[in-house]
Enquirer: 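My questions all concern the structure below.
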Amino acid sequence: MNAVLVASNRGPVSFTLSEDGGLTMRRGGGGLVSGLSGVTKDMDVLWVCAALSDGDRSAVRLAPGGRLDHAGYDTGALRMLDIPPSTFHRAYNAIANSTLWFVNHLLYDTPNSPQFGRRFRREWESFQSYNAAFALALAEEAGPGARAMIQDYHLTLAPAMLRGERPDIRIAHFSHTPWAPPEYFSLLPDEVAVEVLAGILGADHAGFLTERWATAFMDCCEAMLGAEVDRPGHTVTYEDRTTRIGVHGLGVDGDTLWARALEPDVESHMAALRHQVGDCRLIVRIDRTELSKNIVRGLLAYREFLAAHPEWHGRVVHLAFAYPSRHDLPEYREYTAAVQRCAKEIEDEFGTEDWDPLILNVNDDYPRSLAAYRLADVLLVNPIRDGMNLVAKEGPVLSPRCALVLSREAGAAAELGGDALLVNPYDVGGTAEALYDALVMPEHERLARGGRLRAASTALPPSAWFTDQLTALELT
Ligand code: F6P
């Protein structure tokens, strides 16, 4: 039985199955996983996650009770849930990623979507089953008086379900995404909106990355549940239970990041990139190819900048790293193609024999990304909307003289806004001007802003983020 449990869709490891049936284990990716992995390895925590692939399922089926650590893997205490693939796909792709993610990032093309018909109702039932599987596993694993830390939009129903099974334990939920304002959240069918909000309110403590997302959540609870909201006191009372609302920013563990960025593979990528771009200034972006990251408008802004500033031709290169993401969804495949088309147009319009204005890379390469951060003169982070955005925090840690062009809609803007050049992510012209201002920023100003950005980025490392929530849970 365990005292502290963590639950998230993606776990700290994933497995690939080779043709001969062999299994290879890799570390899991994404902001949530890298933040939590650093924390759980130093603490006595059981992590519950879903099997995401055939490789994961093969590994789980050989592990007693789904415990990969009991099957000899060096994972820390980890239980992986073998949820039936069709249930998992409906819950993960159709509901979590195509509905809840779209609502909270304001991504719908509303004249055409969403359409919540019969198919959606079936998908919703899968989402309920998927959440129930997590709630049951947590109820089985939790010791008396345990604390369960449930993560993100995939698991919005699990807190209330777990409370039904185990009223004796303390439950926290944390949203790593933004939260939509009520007028947008109410796109969801009413009964679904109510279930999501009441699901999270099953927790004793509901955490958000910024005050803005916490306020939006409280606004939704008031508008859609008629809950009693105490904004200054940060509580929501619904059906005679009170949930405390917390704001816990998440930053970067600067020492660990630097140690990795000094390794030889990163140094050799730096040398190769420098050779490729010569002494040009570098505008860098690093993202998953994710609709909310606004990569196409970022490229269009670079194009406007080049059109307005011919004096920079031959003197600047844009390194745009856009790694594959969620390719099961057609919108994401189309978006990747749109990014590639736009990049090609820029290369055709401005490229010369001696100068490539843009290098787009769509393959995942972590050491190469770290090398790009270290070389960056300007970092462009322009999401439509983002829970926090850790790229905006990793850049200043690894490049002390880098100017940051940052969307005002990223959670990170609340902490870094004073020293970043803030942009409206829809304003391509404004973003182009900010790129110019960032390139011509005097050296002393870069260093002064860079120092403050670095301090703010490392002020809330994952360990503090996690222990703060455990402490807040004690106080509920
Ligand atoms: O932004 C919240 C988050 O959980 C990130 O940590 C993560 O990168 C993403 O959403 C989920 O991505 P995936 O579907 O690839 O697990």
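In each ligand, atom 1 is the first atom listed, and ligand 1 is the first ligand listed.
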Enquirer: Is there a donor-acceptor contact under 3.5 Å linking the side chains of W47 and S8?
Expert: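 Indeed, the side chains of W47 and S8 share at least one donor-acceptor pair under 3.5 Å.
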Enquirer: If you measure every N or O of S325 against every N or O of ligand 1, does any of those distances drop under 3.5 Å?
Expert: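 No.
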Enquirer: So does D190 have more than 12 non-hydrogen atoms from other groups sitting under 6.0 Å from CG?
Expert: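 No, CG of D190 has 12 or fewer neighbouring heavy atoms, counting only those of other groups under 6.0 Å.
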Enquirer: Verify the ring-centre separation between H176 and W465: is it less than 6.0 angstrom?
Expert: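 Centroid distance W465-H176: below 6.0 Å, so yes.
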Enquirer: Give a yes-or-no answer on whether the side chains of T431 and Y302 include a donor-acceptor pair shorter than 3.5 Å.
Expert: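 No, Y302 and T431 have no side-chain donor paired with an acceptor closer than 3.5 Å.
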Enquirer: Taking both backbone and side-chain atoms of D152, is any N or O found less than 3.5 Å from an N or O belonging to ligand 1?
Expert: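 Yes.
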Enquirer: Considering only heavy atoms, does W101 approach ligand 1 within less than 4.0 Å through its side chain, its backbone, both, or neither?
Expert: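 Within the 4.0 Å criterion, W101 contacts ligand 1 through side-chain atoms alone.
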Enquirer: Using only heavy-atom distances, determine whether the side chains of H173 and Q469 contain a donor-acceptor pair under 3.5 Å.
Expert: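 No - no donor-acceptor pair under 3.5 Å links their side chains.
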Enquirer: Specify side chain, backbone, both or neither for Q151, according to which of its non-hydrogen atoms lie closer than 4.0 Å to ligand 1.
Expert: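 Near ligand 1, Q151 shows nothing, with every heavy atom at 4.0 Å or more.
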Enquirer: Would you say Y92 and ligand 1 have an N/O pair spaced under 3.5 Å apart?
Expert: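 Between Y92 and ligand 1, an N or O pair is found under 3.5 Å apart.
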Enquirer: Look at atom 6 (O) of ligand 1 and say which protein heavy atom is nearest, naming residue and atom and giving the distance to 0.1 Å.
Expert: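 The protein heavy atom lying closest is L32 N, 2.8 Å.
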Enquirer: Does M388 come within less than 4.0 angstrom of ligand 1, counting non-hydrogen atoms of the residue?
Expert: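 Contact absent.
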Enquirer: Are side-chain N/O atoms of N97 and Y153 paired as donor and acceptor at under 3.5 Å?
Expert: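 Judged by distance alone, the side chains do pair up.
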Enquirer: Which residue supplies the protein heavy atom nearest to atom 9 (C) of ligand 1, what is that atom called, and how far is it?
Expert: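 The closest one turns out to be R326 NH2, 3.6 Å.
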Enquirer: Closest non-hydrogen protein atom to atom 15 (O) of ligand 1, residue and atom name please, with distance?
Expert: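 Checking every protein heavy atom, the shortest distance to atom 15 (O) of ligand 1 gives R10 NH2, 3.1 Å.
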Enquirer: Is there at least one pair of N or O atoms, one from V33 and one from ligand 1, spaced under 3.5 Å apart?
Expert: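 V33 vs ligand 1: no N/O contact under 3.5 Å.
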Enquirer: Please determine whether the number of non-hydrogen atoms from other residues, nucleotides or ligands lying under 6.0 Å from atom CZ of R260 exceeds 12.
Expert: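 Yes, enclosed.
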